[in-house]
Amino acid sequence: DSIAIKQVLGNFGLVAPKCVVVHGEQVTFLSYKGIASISRTSEGQLQGIDITLSASIQPTIDRINWSSVEGACAGTYDNYLLFAVPLDSSTVNNAVLVYDLETQSWVSIWNGDLISPIEFFDDGSRLVVLNSDGAFREWFTSDPWDSNTPLEDVSRYDSSKFYRVGDNVSSNQGVIY
């Protein structure tokens with residue numbers, strides 16, 4: 001009935017509460033040094049690596065606006081790790097760094113007027129993103145067309161409420177997907 005605290009990585013730490021993702025036997029997170037990872041060995045021990053997962057994209061990591069990083073978030077979908085961060089002078093997440101778990105490489109940086117995630121929701125079959133403007137948007141959809149106007153049946157985000165994938169937004173507003 002006792003809990004032991006063991007330091008795994010002494011020189012890394014999580015910089016934003018929603019910018020951590022668990023995938024398989026690994027935990028990957030944004031630190032001030034870059035995107036770091038901790039894994040469990042076959043013996044059940046936790047192991048960290050001094051070299052960040054993001055070492056190959058360090059020039060992009062150096063562009064993160066660290067004074068606005070508290071809103072950064074991470075998610076996973078299919079074989080991708082997604083890290084939404086504020087780049088340059090942005091005060092909201094304006095870029096998503098995309099890591100492919102199959103190829104073990106960074107594959108893209110997504111940005112645009114409709115990309116400003118503050119949280120990712122994955123129900124196992126689809127990925128929905130809550131943007132800083134309060135709009136829920138489905139990503140990785142088979143429909144290649146997106147409009148500038150979120151679906152009218154999805155209400156704006158209310159920070160005083162707790163949302164879960166599958167919950168009704170309100171009695172006449174449908175289900176969050």
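Everything quoted here is computed from the prediction, not taken from an experiment. Computed over heavy atoms, backbone and side chain alike; hydrogens, waters and symmetry mates excluded.
- A side-chain donor-acceptor contact under 3.5 Å links N65 and S67.
- Between the side chains of S68 and T91, no donor N or O sits under 3.5 Å from an acceptor N or O.
- To the nearest 0.5 Å, atom CD1 of residue I38 and atom OG1 of residue T28 are 9.0 Å apart.
- Side-chain atoms of L30 and L14, non-hydrogen and from C-beta on, never get closer than 4.5 Å to each other.
- In this structure, the separation between CG on L127 and CG on D78 is 10.5 Å, given to the nearest 0.5 Å.
- How far OH of Y99 is from OG of S56: 8.0 Å, rounded to the nearest 0.5 Å.
- For the residue pair Q58 / D62, a side-chain donor-acceptor distance below 3.5 Å is found, with atom types taken as modelled.
- To the nearest 0.5 Å, atom OG of residue S132 and atom CD of residue E119 are 13.0 Å apart.
- Side-chain contact check for V98 versus I109: every heavy-atom pair is 4.5 Å or farther apart.
- Residues C19 and F83 form a side-chain contact, since some pair of their non-hydrogen atoms from C-beta on lies under 4.5 Å apart.
- T76 contributes a side-chain N or O that, together with a main-chain N or O of Y80, makes up a donor-acceptor pair within less than 3.5 Å.
- Atom CZ of F120 sits about 4.5 Å away from atom SG of C73, to the nearest 0.5 Å.
- Judged purely by atom type and a 3.5 angstrom limit, S31 uses its side chain to pair as donor or acceptor with the backbone of K33.
- For the pair L130 and F121, the minimum side-chain heavy-atom distance is below 4.5 Å.
- Using modelled atom types, no side-chain atom of W110 and backbone atom of A84 make a donor-acceptor pair closer than 3.5 Å.
- Hydrophobic clustering keeps V69 apart from V92 (ILVMFWY residues linked when any side-chain heavy atoms are closer than 4.5 Å, directly or through intermediates).
- Contact of the I118 side chain with the N131 side chain is not registered, since no non-hydrogen atoms from C-beta on lie closer than 4.5 Å.
- Using modelled atom types, no side-chain atom of S54 and backbone atom of I57 make a donor-acceptor pair closer than 3.5 Å.
- Placement of I35 and W66 within a single hydrophobic cluster is found when ILVMFWY residues are connected by side-chain heavy-atom separations under 4.5 Å, directly or transitively.
- Checked against the 6.0 Å centroid criterion, the rings of W139 and Y77 do not qualify as a close aromatic pair.
- Rounded to the nearest 0.5 Å, atoms CG (L81) and CG (D100) are 9.0 Å apart.
- The shortest distance between side-chain heavy atoms of V85 and L97 falls below 4.5 Å.
- Side-chain N or O atoms of N94 include none that pairs as donor or acceptor with a backbone N or O of S116 at under 3.5 Å.
- I64 places none of its side-chain heavy atoms less than 4.5 Å from the side chain of D88.
- The shortest side-chain heavy-atom distance between V129 and P117 falls under the 4.5 Å cut-off.
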